[in-house]
Amino acid sequence: LLGVADISADIQGSLEFLMKTTSIDQPLFIYDPKTQEIHESTTDRKYMYLHGIMFLAVDNLPTEFPREATQWFGDHLSPFMESIVKSDIFLPFSQQEKDLPPEILRAVITSHGQLTPSFQYIIKLREIYEKSVSKVLILGAGPRATSAVELLCRNSRQHRITVADKVLRNAQRLTSIGLGGNVKAVELDFSSLDQLVHGQNVVISMLSASELPMVEEACLNNKVHLVTASYSNLHREELEGKVKDAGLTFLYEVGLDPGIDHLEAVAVIDEIKKKGGKLRSLVSWCGGIPTPESSDNGIGFKLSWSPHDILTAAVRDARYKDNGRIIEIPGNDVFKHRQQVEIFPAFHLDGVPNRDCLSYATAYGVEDTIHTIFRGSLRYRGWCQTLDAASEIGLLRTDTLPHLLPGANKMNWNEALRWLFLHESDSNFGNVSTPELLTRRLRTGKGHPHKGFGYEE
C-alpha cells in the first residue's frame with residue numbers, strides 16, 4: 001500500500017488512522033503505521049522519502065472537483081430526497097424503515113442521541129482507544145516545552161496532553177500545536193499539584209530543580225511515571241526505594257547536558273569495549289548555545305531555561321580527574337578556570353568544568369580503568385567573563401542579604417552594588433566612586449586565566 005486518498009476527511013472516522021486533514025496548498029503527509037507518527041513538510045523537508053503511507057485528506061477537496069462530478073452526485077441523491085423530507089424523525093429508529101429507503105437507512109449513524117445498531121461497534125472502538133491513549137502532563141510551558149508538545153503531537157492519536165504553567169497564557173500558547181484538540185492548558189498551582197497529577201500516565205517536568213521535589217512527591221503519591229532533564233535525585237536512598245517499590249520509572253538527565261552527552265559517551269565507550277579496548281581518558285564538551293546569527297548580545301547567550309537555575313548552576317563546585325589526580329574547584333572560582341576550546345578551525349568557544357563528574361565513571365562502567373574523566377560546558381566568548389565578574393562582585397551570592405528582604409528600604413542598582421562592597425571590607429570606601437570600586441574588585445580577574453582542564457598548578 002503506497003497511498004490513501006480519503007475524500008471524507010473525517011479525523012479518526014471511517015478511516016480510524018486518519019489523524020489530521022490537509023490543505024490544497026499542502027495536500028499530503030506520510031503516516032508511519034509502526035510508530036503512528038505523522039511526517040509532513042512543516043516537520044521534515046524530506047518527508048516524502050520517509051517510511052510510511054502517503055495520505056491525501058483535503059477537507060475542502062469537493063470544491064476542486066469538476067462540475068460534472070457534482071452534477072453526477074446530485075442526480076443520484078435526488079431520488080431519495082422526497083422520502084427523507086417526508087420521514088418522521090420523532091419515530092424510534094426501528095420504526096423509520098417504512099419511511100426511509102434501505103440505502104438511506106443503512107447510512108444513518110445516530111438516532112435520538114444514540115448509535116444505530118449497525119454502528120454500535122463504535123462504542124467498543126472508543127473503549128479500546130481510551131485504553132490505548134497515554135495521558136501526558138507537561139509542567140512548564142517555556143521554550144523547551146514547545147518541542148516536547150510538537151514531538152508528542154506527531155503521534156497525536158496516542159497522547160492526550162495537558163500543559164500546566166504558572167502563567168496560563170504561556171500554556172494556552174501551546175494548545176494550537178495539537179491536532180483535534182488533544183492539548184489542554186491549565187494554570188499550575190502547587191497547592192493542587194496532587195489533583196493535577198492524578199490520572200496521568202507520565203509527567204514531563206520542565207520546572208526548575210528547586211521545584212522538582214514537589215513533583216517527585218506528587219508522582220509517587222499518584223503512582224505516575226516522571227521524566228525530567230534535571231539531574232538525578234535518586235542518590236537519596238529513601239526516594240530510590242520508594243520509586244522501585246511503586247513500580248515506577250523516574251527518568252532523569254534526558255536533556256542536552258545532561259542527556260544527549262551521556263548517550264554519545266556511552267556509544268563511544270561501548271564501541272571501544274567491543275573492540276577489546278580499555279578507556280583511559282574521557283573528555284566531554286557540551287553546551288546549549290544560540291546559533292551564531294542569534295548570538296547578538298554582549299554575553300553570547302540566550303535564556304532557554306530557568307534563569308534562577310542558570311545562575312545557581314554557575315556557582316556549583318566542580319570535580320574531575322586528571323591523570324589520576326582529583327581536581328576540585330569551588331563554585332565561585334569555576335569561571336576563572338575557563339579555557340579556549342577549538343571545535344572547528346573557525347569556531348572557537350570557551351569551556352569551563354561542569355559540576356562533579358567523578359560519579360559518571362561508575363555510571364559509564366569505566367571506574368576501574370579511567371585515569372582522566374572531565375565534563376565541560378561550552379559557551380561563546382563573553383559569557384564566562386561575565387559570570388566570573390558577577391561572582392567577583394557578589395551578584396551570585398546564595399546567602400540571605402538583609403537589604404534585599406521584603407520590607408527593607410528601597411534602593412537602586414548603584415546603592416545595591418555599593419552595599420555589597422562596603423559591607424565586605426573594613427576599608428573606608430565611602431568616598432570612592434562605584435566605577436572605581438568595580439575596577440578594584442575586578443582587577444584580580446585580569447590577565448591570563450587558569451586553564452579549566454589539564455593545567456599545571
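No side-chain donor from either of Asp25 and Ser23 sits under 3.5 Å from a side-chain acceptor of the other. At a cut-off of 3.5 Å, with distance as the only test, no side-chain donor of Glu436 or Ser433 sits close to an acceptor on the other residue. When only modelled atom types and interatomic distance are considered, Thr434 and Arg418 share a side-chain donor-acceptor pair under 3.5 Å.
Dense packing is recorded around CD of Glu253, with more than 12 heavy atoms of other residues, nucleotides or ligands lying under 6.0 Å away. By the 6.0 Å contact criterion, CG on Asn409 is open, its count of non-hydrogen atoms from other residues, nucleotides or ligands being 12 or less. Crowding of Leu125 atom CG: a count of heavy atoms from other residues, nucleotides or ligands under 6.0 Å exceeding 12. Heavy atoms from other residues, nucleotides or ligands lying under 6.0 Å from NE2 of His198 number 12 at most.
Atom-to-atom distance recorded for Lys321:NZ and Ile326:CD1 is 5.0 Å, nearest 0.5 angstrom. The distance from the OG atom of Ser284 to the CD1 atom of Ile373 is 9.0 Å, given to the nearest 0.5 Å. Considering CG of Asn354 and SG of Cys286, their distance stands at 8.5 Å, rounded to 0.5 Å. Here the CG atom belonging to Leu358 is positioned 11.5 Å from the CZ atom belonging to Arg375, to the nearest 0.5 angstrom. Rounding to the nearest 0.5 Å places CG of Leu28 at 5.5 Å from CE of Met54. Expressed to the nearest 0.5 Å, how far CG of Asp194 lies from CD of Glu217 amounts to 7.0 Å.
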Legend entry - Candidate pair Asp388 and Lys336, rule salt bridge (charged side-chain N to carboxylate O under 4.0 Å, His left out), full reasoning: CA-CA 6 Å; Asp388 185 24; Lys336 287 183 173 60; 3.2 Å; yes

Inset, instruction - Could you please spell out the steps behind the side chain to side chain contact (heavy atoms under 4.5 Å, CB included) verdict for Leu282 and Val366? - result: CA-CA 10 Å; Leu282 175 62; Val366 295; 5.8 Å; no

Inset, instruction - Go through the steps for Asp261 and Tyr360 under the test side chain to side chain contact (heavy atoms under 4.5 Å, CB included), then give the verdict. - result: CA-CA 12 Å; Asp261 61 334; Tyr360 290 107; over 6 Å; no

Legend entry - Worked check of side chain to side chain contact (heavy atoms under 4.5 Å, CB included) between Leu188 and Leu207: CA-CA 11 Å; Leu188 177 57; Leu207 300 177; 4.0 Å; yes

Legend entry - Test log, rule side chain to side chain contact (heavy atoms under 4.5 Å, CB included), inputs Tyr252 and Leu212: CA-CA 11 Å; Tyr252 297 86; Leu212 184 59; 3.9 Å; yes

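A donor-acceptor pair under 3.5 Å is absent between the side-chain atoms of Asn170 and the main chain of Leu168, judged by distance alone. Listed for the Lys242 side chain is no donor-acceptor partner under 3.5 Å among the backbone atoms of Leu220. The closest donor-acceptor contact from the side chain of Thr22 to the backbone of Leu56 lies at 3.5 Å or more, if one exists at all. Of the possible donor and acceptor atoms, one in the side chain of Gln385 sits under 3.5 Å from a partner among the backbone N and O of Gly382. Not one N or O on the side chain of Asp322 forms a donor-acceptor pair closer than 3.5 Å with the backbone of Arg325. Proximity of a side-chain donor or acceptor of Asp333 to a complementary backbone N or O of Ile329 within less than 3.5 Å is not detected. Between the side chain of Asn297 and the main chain of Phe301, a donor-acceptor pair closer than 3.5 Å is present. The backbone N or O of Ile123 lies less than 3.5 Å from no partner atom in the side chain of Arg126, so there is not a single donor-acceptor pair. In this structure a side-chain-to-backbone donor-acceptor pair under 3.5 Å is missing from Asp356 to Ala318. A distance-only check finds no donor-acceptor pair linking the side chain of Ser391 to the backbone of Leu387 [under 3.5 Å].
At least one side-chain heavy atom of Thr369 sits less than 4.5 Å from a side-chain heavy atom of Arg280. For the pair Leu174/Thr146, a side-chain contact is recorded, criterion being any heavy-atom separation below 4.5 Å from C-beta on. At a threshold of 4.5 Å between non-hydrogen side-chain atoms, the residues Lys20 and Glu40 count as touching. With a 4.5 Å cut-off on side-chain heavy atoms, Leu248 and Cys219 do not count as touching. Under the 4.5 Å side-chain criterion, counting only non-hydrogen atoms from C-beta, Thr291 is not in contact with Lys302. By the 4.5 Å heavy-atom criterion applied to side chains, Met206 and Ile138 are counted as neighbours. Inter-residue side-chain proximity for Val243 and Asp245 is flagged as unmet; no heavy-atom pair is nearer than 4.5 Å. Taking 4.5 Å as the limit, some side-chain heavy atom of Phe190 sits within range of a side-chain heavy atom of Lys166.
Heavy atoms only, all atoms of each residue included: Leu378 and Ile289 are closest at O-CG2, 3.6 Å. Here the shortest heavy-atom pairing between Ala246 and Lys223 reads CB-NZ, 4.1 Å. The two atoms that bring Ala141 and Asp165 nearest to each other are N-OD1, 2.7 Å, heavy atoms only. Across His159 and Asn182, no two heavy atoms sit closer than the pair O-ND2, 3.3 Å. For Tyr380 against Ser295, the heavy-atom pair with the smallest separation is CD1-OG, 3.5 Å. In this structure, Lys135 and Asn201 approach most closely via the heavy-atom pair N-OD1, 2.6 Å.
If you run side-chain contact (heavy atoms from CB on, under 4.5 Å) between Leu137 and each of Ile204, Ile161, Thr162, Val215, only Thr162 comes through.
Between Phe29 and Phe55, the ring planes lie parallel to each other; the angle is under 30°, not in the 30° to 60° tilted range.
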